[in-house]
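Single-structure report; data block below.
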Amino acid sequence: MGGKRSKVAGMQQQAARVQSNIKIAPDVFIISFRRPYDFKAGQVIGLTTSGKIEPRLYSIASGEQDEVIEILYNIKSDGLLTPQLASLTAGSTIYVTEPFGEFLGTLEPSFCLASGTGIAPFRSMFRSGYGEKTTLIHGGRFRESFYFQDEFAGPGYIRCISGEKLDGAFQGRLTLYLNQLDKLPPDYKYYICGSAEMVVDVRDILIKKGIAFNQIMAEIYF
Amino acid sequence: MENLFGKTLEELKTVVNELGLPAYTAKQIADWLYKKHISSIDDMTNLSKDAREKLNTSYQLGLTPHSKVQASVDGTRKYLYPTTNNNFIETAYIPEESRATLCVSSQVGCKMGCLFCMTGKQGFQANLSTGEIVNQIKSLPEFDKLTNIVYMGMGEPFDNLRQVMNSLDILTSNWGFAMSPKRITVSTIGIVPAMKEFLENSECHLAVSLHTPFDSERRELMPIQNVYSLFDVLSEIKSWDFGRQRRISFEYIMFKGFNDSNKHVKEMARVLDGIKCRVNLIKFHPIPGTPLLGSDEETMESFKNALSAKGITTTVRRSRGEDIYAACGLLSTKELIKKDDKDY
């Protein structure tokens, strides 16, 4: 372990000034701030509005070379932090930790499977040049659930919509889409990001379809 | 109506203050809640009639009996407790010759998604309140026989830190159950900031789910490794002195051909160097659809001996309650979940 330094133990925070805080769907926002640190696509940061609220972890949604860090978040009605976060405007101060985490982009052929705001780390990977050999499958209930869809548009981008009809999208849940596939390439990497239930459901399907569990990487919101 | 059960002494002081009752009433209520057996606020007979009436207008006692029990051939009993929003949790009572341990839950479901765990398969439904955590203990039919509490049931305790810390306060304070912290172990997957806060503010024992000393393998088993790596977890633990007062143990489920080799013994000795600890080897209880197999008893014994030879205190934990799905990693209330709309 010599030489390595743990970044998370103290979760030291640094002030950052909000550049924008834009509502992109009902209860879903993107907050951006000039980046105080370099990071790797797929990493998380801790973020809070004051010392009184413990920082929550969010995947960085912007690219490694972007000038700002962007965070995609949705408002938790019973939460302490996100309602406050949603009220911030340009010029407000937030507090962020150093980036950390090992859910990192790959240049290898891969499938990225996301639900809801779980698209964030994949957007960072795509903007950082890790998307060329990737098939991105995003599950959502409504048409406004497909955040950043204009950036992803192409043959390797599949939307699975379960709550309404949408031209060009697969009608049904992401899990249904996966179950309907004849086979999946066993030598690809499989990245999953979403709620706990989504991650375990999708992982079970992948394993059932013959994907070795050491080919599967998961990031769960918590 | 709000529950009184599960409130800390500080919270009870706020309650009596808001009701205009004498300050000492808070301590009297705590006595009734945590040191005696009562079934209603009216049973708090040393409170004035006026105080009981005021309490009854806004509060209820808040104890909830179990709704189902299953008994194992080995004496283990698994209790099902209802919680808010029509959720359920399981609690395992494990009697042995010299002690009786209760394995309590801290969440309905779990967000951690470990590959080997049945609780993880149901996803996450809710955090338990302090009262719902402590209720598993107080409402247990064998309450008077309990000697040890382990937070190793459903959920990740440090993902519900506030309520878990409040429950530990109630269990260990003189105004509460007055249990020795040496009788209580909190188990974690390794959420580092919360673990640090626990170590700063509690004297209870800590157990950490390790399962392999190699980062890449741990990532395959436990998604948390992508966020809080084993290195981060052990770095934090090494900054604390685990002497006589507090024990640190590492939980290690043994998977055939995955984490049971000599290479793992060597790496365990390397990463745990400098930590006064115990390693608990646990038999894997297969769950549906798992790609993992459990190591056989002979391999587990050899692994234990090899670790012991490296100077690491190692035990093989006896499997209990397997026939009623009460053993390690098997608790689940998935069948009782009302299906909500999914976002995927």
Side-chain angles (χ1 to χ4, degrees), chain A residues 1 4-11 42-44 46 54-55 57 74 97 100-104 113-118 137-142 145 160 162-163 173-175 192-205 207-208 211-222, chain B residues 109-115 117 119-125 127 156 158-159 161-162 189 191-197 215-217 219-239 258 270-271 273-274 288-292 334 337 340-344:
Chain A
M1 292 200 175
K4 235 170 125 182
R5 184 176 70 92
S6 170
K7 285 184 178 177
V8 299
M11 293 280 273
Q43 286 192 307
V44 298
E54 287 167 27
L57 299 184
N74 53 7
T97 68
F100 61 95
E102 298 293 326
F103 187 72
L104 304 177
L113 308 150
S115 67
T117 55
I137 308 175
H138 191 186
R141 228 175 286 171
F142 307 110
S145 310
C160 303
S162 59
R173 288 183 179 148
L174 184 152
T175 42
I192 315 171
C193 186
S195 65
E197 193 178 7
M198 177 268 186
V199 167
V200 294
D201 279 357
V202 169
R203 189 176 58 196
D204 280 355
I205 291 169
I207 289 170
K208 205 171 161 185
I211 307 302
F213 66 89
N214 61 11
Q215 294 292 99
I216 303 169
M217 290 258 284
E219 181 107 309
I220 297 178
Y221 312 148
F222 73 94
Chain B
C110 183
K111 295 179 202 161
M112 300 299 127
C114 297
L115 186 61
C117 179
T119 306
K121 289 243 182 195
Q122 77 179 64
F124 171 78
Q125 285 73 48
N127 278 323
E156 161 56 43
F158 290 167
D159 188 37
L161 183 68
R162 286 285 145 263
I189 197 168
I191 296 179
V192 178
M195 186 175 79
K196 184 179 162 117
E197 193 172 331
D215 282 353
S216 57
E217 289 178 354
R219 190 170 294 126
E220 292 163 15
L221 295 176
M222 305 157 76
I224 194 70
Q225 174 74 21
N226 285 319
V227 181
Y228 298 119
S229 69
L230 187 55
F231 172 81
D232 292 324
V233 175
L234 295 179
S235 294
E236 181 59 33
I237 287 170
K238 284 180 179 178
S239 70
F258 181 80
R270 191 184 76 78
V271 300
D273 185 38
T290 179
L292 299 160
K334 187 174 184 178
I337 297 169
D340 286 321
D341 279 348
K342 296 178 179 180
D343 71 342
Y344 58 94

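Residue numbers start from 1 in every chain, and the chains themselves are labelled A, B, ... in the order their sequence lines are given, proteins ahead of strands. Quick caveat, the model's predicted, so the values are computed rather than measured.
Looking only at heavy-atom pairs under 4.5 Å with chain B, the residue among A114(A), G194(A), G101(A) that has the most is G101(A). With chain A as partner, the option from M112(B), M222(B), Q122(B) having the largest number of non-hydrogen pairs under 4.5 angstrom is M112(B). When the candidates H138(A), M198(A), K208(A) are compared by the number of heavy-atom contacts under 4.5 Å with chain B, M198(A) comes out ahead.
Side-chain atoms of N214(A) do not come within 3.5 Å of backbone N or O of E220(B) as any donor-acceptor pair.
Of the atoms belonging to M195(B), not a single heavy atom falls under 4.5 Å from chain A. There is no contact between S145(A) and chain B, counting heavy-atom distances below 4.5 Å. Of the two parts of E54(A), only the side chain, counted from C-beta on, holds a non-hydrogen atom closer than 4.5 Å to a non-hydrogen atom of chain B. Residue contact with chain A, scored on non-hydrogen atoms closer than 4.5 Å, is absent for Q125(B). Only the side chain of D204(A) comes within less than 4.5 Å of a heavy atom of chain B; its backbone N, CA, C and O stay farther away. Proximity to chain B is absent for every atom of L113(A), based on heavy atoms less than 4.5 angstrom apart.
Of all heavy-atom pairs between I207(A) and P291(B), the closest is CD1-CG, 4.0 Å. Counting all heavy atoms, side chain and backbone alike, A196(A) lies closest to G123(B) at CB-CA, 4.2 Å.
Atom NZ of K121(B) is separated from atom CZ of R203(A) by 7.5 Å, given to the nearest 0.5 angstrom. One finds the CZ atom of F213(A) at 8.5 Å from the CD atom of E217(B) (value rounded to the nearest 0.5 Å). The CD atom of Q225(B) sits 8.0 Å away from the CD atom of E102(A) when rounded to the nearest 0.5 Å. To the nearest 0.5 Å, the span separating CD1 on I220(A) from CG on N226(B) amounts to 9.5 Å.
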Handout entry: Chi angles and distances behind the side-chain contact (heavy atoms from CB on, under 4.5 Å) call for I216(A), L115(B)
Key = CA-CA 11 Å; I216(A) 303 169; L115(B) 186 61; over 6 Å; no
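The aromatic rings of F222(A) and Y228(B) lie perpendicular to each other, with more than 60° between the two planes, well past the 30° mark.
For D273(B), there are no salt bridge (Lys or Arg N to Asp or Glu O under 4.0 Å) partners two or more places apart in sequence or in a different chain.
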